[in-house]
S.K.: 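Following this message is one structure expressed as structure tokens.
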Amino acid sequence: MMPTKSLTRALEWSGYLQRKISTNEQLKTELSQDILHPITADIIQQWFTQASGQPVHQPMATEQCKQVLRKLRNRTFCALMVRDINGLACFEEVTQSMSFLADLAVQQAYMSIMQDLVHTHGEPINPETGRPMEMIILGMGKLGGKELNVSSDIDLIMLYAQEGETTGRRPLSHHEFYGRLTQRMMPVLSELNADGHVFRTDLRLRPDGDAGPLAWSLDALENYLITQGREWERYAWLKARIIPVKYFEQSSPKEDIAQLKSLRTPFVYRKYFDFDALASLRQLRERIRQDWQRKALNRNGVDSIHNIKLGEGGIREVEFTVQLSQLIRGGRMPSLQLRGLLPALHAEIGIGLITKEEGLLLENAYRFLRRVEHMLQYREDEQTHLLPADPERFAALAKAMNMEEPAFRSQLNEHRRVVSRAFRNAFRIAGMGEEPASGSHHSDTPDNTDLSELIQQFFSPESHEYIENRIKALLNSSRIRTLSGSSRTRLKKLLPTLLETAAKTDDPQLTCGNLFDLIEAIAQRSAYIALLAEYPETLARVARIMSASHWAAGYLIRNPILLDGLIDWQTLMQNVDFSHIATQLSKDLDACVLQDGQPDVEQQMNIMRDVQKQVSFQLLAQDLSGGLSVEKLADHLSDLADLLLEESLKRIWPAVKPKPEQTNEQVPDYPRFAVIAYGKLGGKELGYASDLDLVLLFDDPADYALEVYAKLGRRLSTWLSSMTSSGRMYEIDLRLRPDGDAGLLAISVDTFEKYQLEHAWPWEHQALTRARFCAGDKAIGKRFEQIRRNILLKERDREQLRQDIIDMRAKMRAGHPNHSGMFDVKHDHGGMVDIEFMTQYLVLAYSHQYPRLLDNLGNIALLKIAAEGGFIPEDLANEVADAYRTLRKTQHAVRLLGQEKARIDSNLLLGERKAVDKLWEIVFPGTREQESNPSQ
């Protein structure tokens with residue numbers, strides 16, 4: 001028997017259910033069982049088989065198809081209604097069941113009509129493959145996102161791969177054939193008969209809407225998207241999903257689907273966000289607001305507050321808020337390329353675009369509003385979103401929601417307030433900052449102001465000629481001359497603001513020159529010119545950075561993708577969360593998948609390079625603002641390199657490891673392989689443009705190990721250092737491995753240990769003092785650290801060690817001659833290399849007596865530890881430690897100015913250099929002359 005209470009609650013609300021139950025005894029009997037368990041895709045398929053008497057892959061006659069689909073839809077709709085009204089079905093059960101039903105209905109309609117047309121006109125054949133050609137049917141909107149409501153229209157776009165002609169006695173062009181197929185499918189789905197309809201269908205989202213053909217070839221679609229695709233269409237195509245259909249046994253649409261993906265993804269998700277599109281997206285937001293208001297006036301003034309989809313605080317506003325972030329960020333973050341709204345919202349919370357608190361409020365509001373929407377539609381199976389104006393009807397709606405009327409009204413209003421607030425802040429949530437003030441990018445300077453007058457007004461006389469010449473050179477450059485008229489006009493409108501902004505910096509002439517270089521570099525991408533016009537505060541930030549650091553200016557010019565990071569300055573100044581970056585990077589790389597399911601390696605490599613540049617730029621912005629010490633900056637840059645090395649290994653290993661059929665040995669899921677950092681990365685003193693000195697170790701007894709791990713090492717080097725469209729991640733130096741360039745690229749841990757104990761040169765043990773495990777198998781990392789300790793703990797002949805280090809210091813100095821008369825902060829006497837060599841000597845000479853020196857803590861800490869051990873004077877150790885800090889800071893400041901070599905006035909830092917020389921004389925007494933004349 002039907003559960004009486006469940007049925008009663010549904011019947012009290014739904015007139016549609018009352019009529020169906022009273023006239024259809026079979027439906028009533030089926031419902032008694034249907035409502036006892038969740039409705040799933042498998043259950044809907046079972047119901048289809050019961051109704052049709054055949055499996056889903058066999059086509060039916062058209063009239064039978066109509067009858068079966070309508071009965072199936074009624075059964076599904078009624079079962080979901082009773083379960084939902086009684087709180088038995090969650091939101092996902094309702095929407096996913098309706099979406100699966102729509103997919104199934106489209107598939108059956110397609111097969112039934114295709115059967116008829118093929119019988120009459122023959123098969124459509126792909127001229128390139130010679131195989132029969134299936135249609136490509138796209139579900140758009142909520143169908144695409146698998147979140148269909150219970151009485152929804154379905155939005156479809158109908159495509160086919162190639163033009164051609166069918167093979168029958170009455171052949172048709174493919175254009176006509178697929179047009180007829182589309183035309184004849186629609187009544188199967190939407191025509192009303194005694195059993196109702198299946199789904200109302202809407203084809204207006206196709207290119208050119210009602211004015212365009214019913215079905216489009218992929219080539220025609222490509223041309224349309226490139227030449228005419230608009231911002232609202234990007235928004236619509238975001239959820240586009242292929243509904244799998246198959247009639248021909250021999251068809252193979254995989255390449256066609258891949259071609260479609262190659263069109264859709266760059267159209268919707270742009271790597272270089274088009275800031276020029278912001279105006280269009282803002283207009284779209286206003287259209288969403290105005291759409292219902294216009295319709296409301298046509299309905300005799302019904303207030304838009306009654307519409308829970310289009311009205312203020314309604315479902316459409318939730319969708320826009322979430323999907324705007326996808327449009328803006330999805331090109332660089334593939335993990336945001338999700339069709340479902342709630343999965344996309346959760347991804348944005350995970351990234352931090354939306355706070356957990358805001359995200360939860362928005363999700364709760366969306367779930368509540370969608371359930372209200374379903375209740376409204378259960379009543380008469382109508383595509384309605386209007387709340388009842390009649391108080392009694394409104395109270396009945398509250399009862400259907402299992403709530404008291406005052407509580408329902410209060411909760412409804414609160415959810416809509418949450419949505420309305422989020423909608424107003426959509427651009428801020430998406431990371432686009434606050435709304436730019438209209439016309440603010442022109443400040444008080446009118447567009448038609450003569451540039452010469454502004455130069456006279458804003459700049460000192462000695463800069464006038466330089467700036468005028470630079471402007472002439474810019475406007476006459478080939479890049480600017482080839483711009484479209486509109487782009488040149490926008491650029492000219494930006495120049496007065498640029499001059500005014502540069503004039504407010506500490507070095508107006510330098511800043512102007514750097515900004516002109518930037519404008520020329522980005523001119524071909526009008527999006528960036530639009531960004532600087534759209535966000536005047538961003539232009540001001542760019543100017544400040546370019547005034548502060550010539551190197552930073554060059555970094556921005558080479559990587560204009562970083563410009564949009566300047567919009568949200570507050571986020572840019574936040575502490576870098578490497579754990580969050582690692583998690584998000586892994587998600588984005590996982591989402592880089594080709595049509596065949598294989599990783600999209602090129603996209604993965606580009607994403608990692610973009611992340612490396614974005615995080616480095618965040619650190620650079622904080623560095624220039626005085627928020628980071630040199631030591632902290634180096635720590636962060638080293639942590640970033642460690643993170644990217646670890647992720648690189650994870651991505652490369654699946655491509656190089658032996659397949660099970662290629663070996664009888666067990667292949668590990670993670671390589672038994674470790675990356676050992678030397679040099680600046682080893683000592684956690686990495687700079688913005690530092691190379692990575694690496695040694696690659698493995699510990700795997702398998703026969704394949706030597707060949708496979710050497711291949712892994714080669715692939716790792718290529719992965720990191722190859723130049724792609726996003727640039728290069730790091731330059732890699734592997735020459736510190738045993739036997740240098742003549743040695744194996746990756747060596748076993750045992751071979752490494754034997755080499756270090758028996759064959760290594762003294763300088764290689766010097767290098768080992770700054771080496772550390774940084775990525776890969778942690779067990780190998782522990783083994784390396786133990787080997788390192790054992791090597792450094794060896795008691796050495798100190799006199800011989802002194803001589804070896806002095807000889808190496810002399811060779812280094814000879815390799816970096818300085819005839820400038822200036823002081824080289826790194827290589828000259830009293831500089832950084834002296835301190836590093838002294839520290840390395842102290843570690844090698846005294847670790848066996850004082851094992852605390854073994855820890856790779858950096859030169860400053862090791863000098864103080866050596867003093868604690870009594871090997872150098874404590875006061876002098878502190879002086880030299882301070883000197884090293886000052887020398888590093890000076891080197892960093894000079895490099896930021898764009899100088900390749902860190903050389904300063906020879907009269908500077910005399911106290912620091914004197915302290916270094918004094919300690920040198922204690923550690924290496926009487927060796928300065930010998931070190932200056934290595935032939936002695």
Side-chain angles (χ1 to χ4, degrees), residues 676-685 693 695 697 735-740 752-773 783-813 826-827 829 831-874 876-877 880-881 884 916-928 930-931 934:
I676 309 302
Y678 277 68
K680 289 185 178 180
L681 180 58
K684 286 208 161 191
E685 294 183 350
D693 293 299
V695 169
L697 304 179
R735 291 175 296 177
L736 287 177
R737 65 188 186 272
D739 295 324
F752 177 81
E753 182 175 28
K754 181 178 175 64
Y755 177 88
Q756 290 290 342
L757 287 169
E758 300 177 8
H759 305 293
W761 294 86
W763 68 264
E764 290 179 286
H765 287 173
Q766 278 183 257
L768 200 61
T769 64
R770 282 159 59 90
R772 65 182 177 86
F773 163 75
R783 176 92 186 275
F784 164 77
E785 294 295 347
Q786 189 57 55
I787 293 170
R788 176 182 176 275
R789 293 178 71 86
N790 292 342
I791 297 295
L792 299 183
L793 280 169
K794 286 179 60 179
E795 188 170 357
R796 292 169 170 80
D797 181 331
R798 289 179 194 155
E799 288 305 316
Q800 184 61 49
L801 178 63
R802 279 194 185 98
Q803 189 60 52
D804 290 338
I805 290 180
I806 290 301
D807 289 345
M808 179 53 65
R809 178 70 182 96
K811 289 179 182 178
M812 279 196 68
R813 183 160 162 72
K826 182 175 182 180
H827 293 289
H829 286 160
M832 293 167 61
V833 173
D834 277 358
I835 300 173
E836 291 164 0
F837 271 53
M838 287 188 288
T839 306
Q840 290 162 12
Y841 169 79
L842 292 168
V843 172
L844 292 170
Y846 297 109
S847 287
H848 70 282
Q849 292 178 232
Y850 203 63
R852 284 195 63 204
L853 286 165
L854 292 172
D855 295 332
N856 186 355
L857 300 174
N859 294 298
I860 292 172
L862 288 172
L863 285 169
K864 294 182 178 181
I865 292 171
E868 290 173 9
F871 309 118
I872 55 176
E874 183 176 356
L876 191 54
V880 174
Y884 188 70
V916 174
D917 285 337
K918 188 174 180 181
L919 183 59
W920 183 276
E921 188 59 32
I922 291 173
V923 177
F924 304 118
T927 60
R928 271 303 190 208
Q930 179 186 352
E931 191 261 315

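Note that these values count all heavy atoms, side chains included, but never hydrogens, waters or copies made by symmetry.
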S.K.: One thing to verify: whether R802 and E799 come together as a salt bridge, which I'm taking to mean a side-chain N less than 4.0 angstrom from a carboxylate O.
M.R.: yes
S.K.: Which atom names give the shortest non-hydrogen contact between P762 and D804, and what distance separates them?
M.R.: CG-OD2, 3.3 Å
S.K.: State plainly whether the residues R789 and D855 are in salt-bridge range, i.e. N to O under 4.0 Å.
M.R.: yes
S.K.: For A771, is there any backbone N or O sitting under 3.5 Å from a side-chain donor or acceptor partner on R788?
M.R.: yes
S.K.: Before giving the answer on side chain to side chain contact (heavy atoms under 4.5 Å, CB included), spell out for E836 and M812 the whole-Å C-alpha distance, their side-chain angles and the decisive distance to 0.1 Å.
M.R.: CA-CA 12 Å; E836 291 164 0; M812 279 196 68; over 6 Å; no
S.K.: Report the distance from atom NZ of K826 to atom CG of D834, rounding to the nearest 0.5 Å.
M.R.: 12.5 Å
S.K.: Output yes when a side-chain donor or acceptor of E764 lies under 3.5 Å from a complementary backbone atom of W761, and no otherwise.
M.R.: yes
S.K.: With a 4.5 Å limit on heavy-atom distance, are the side chains of Q803 and T927 in contact?
M.R.: no
S.K.: Out of L853, L768, T769, which residue meets the side-chain contact (heavy atoms from CB on, under 4.5 Å) rule with L844?
M.R.: T769
S.K.: So, do Y841 and F924 have ring centers that fall under 6.0 Å from each other?
M.R.: yes
S.K.: Measuring from K794:NZ to L792:CG, what's the distance to the nearest 0.5 Å?
M.R.: 10.5 Å
S.K.: Determine, stepwise, if the pair H829 / W920 fulfils side chain to side chain contact (heavy atoms under 4.5 Å, CB included).
M.R.: CA-CA 10 Å; H829 286 160; W920 183 276; over 6 Å; no
S.K.: Just so I know, are the side chains of F752 and R737 near enough to count as touching, which here means a heavy-atom distance under 4.5 Å?
M.R.: no
S.K.: Could you pull out the closest heavy-atom pair between P873 and I922, with the gap in Å?
M.R.: CG-CD1, 3.9 Å
S.K.: Just so I know, are the side chains of L863 and I835 near enough to count as touching, which here means a heavy-atom distance under 4.5 Å?
M.R.: yes
S.K.: Keeping R772 on the side-chain end and L681 on the backbone end, is there a donor-acceptor pair under 3.5 Å?
M.R.: yes
S.K.: List the atom of A845, the atom of R798, and the distance in Å for their closest heavy-atom pair.
M.R.: O-NE, 3.6 Å
S.K.: Taking atom CZ of R735 as the centre, does the number of heavy atoms from other residues, nucleotides or ligands within less than 6.0 Å exceed 12?
M.R.: no
S.K.: Heavy atoms only: give me the nearest G831-V916 pair and the separation to one decimal.
M.R.: O-CG1, 4.2 Å
S.K.: When rounded to the nearest 0.5 angstrom, what is the spacing between CG in L862 and CG in L842?
M.R.: 9.0 Å
S.K.: List the steps, then state whether side chain to side chain contact (heavy atoms under 4.5 Å, CB included) holds for D693 with K680.
M.R.: CA-CA 8 Å; D693 293 299; K680 289 185 178 180; 5.9 Å; no
S.K.: Looking at Y678, is its backbone amide N or carbonyl O close enough to the side chain of R770 to form a donor-acceptor pair, meaning the two atoms are under 3.5 Å apart?
M.R.: no
S.K.: Is there a donor-acceptor pair closer than 3.5 Å between any side-chain N or O of E874 and the backbone N or O of K864?
M.R.: no
S.K.: Would you check if the distance from the ring center of F773 to the ring center of F784 is below 6.0 Å?
M.R.: no
S.K.: Output the distance between atom CE (M808) and atom CD (Q840), rounded to the nearest 0.5 Å.
M.R.: 10.0 Å
S.K.: Say you draw a straight line from CG of L857 to CD1 of I865; how long is it, rounded to the nearest 0.5 Å?
M.R.: 5.0 Å
S.K.: How far apart are the C-alpha atoms of N859 and M838, what are their side-chain angles, what is the distance that settles it, and do they pass the side chain to side chain contact (heavy atoms under 4.5 Å, CB included) test?
M.R.: CA-CA 9 Å; N859 294 298; M838 287 188 288; over 6 Å; no
S.K.: Nearest heavy-atom pair of E921 and G926: which atoms, and what distance?
M.R.: OE2-N, 2.8 Å
S.K.: Rounded at 0.5 Å granularity, tell me how far CD1 in I787 sits from CG in L697.
M.R.: 7.5 Å
S.K.: For E795, I'd like to know if atom CD has over 12 heavy atoms of other residues, nucleotides or ligands within 6.0 Å.
M.R.: no
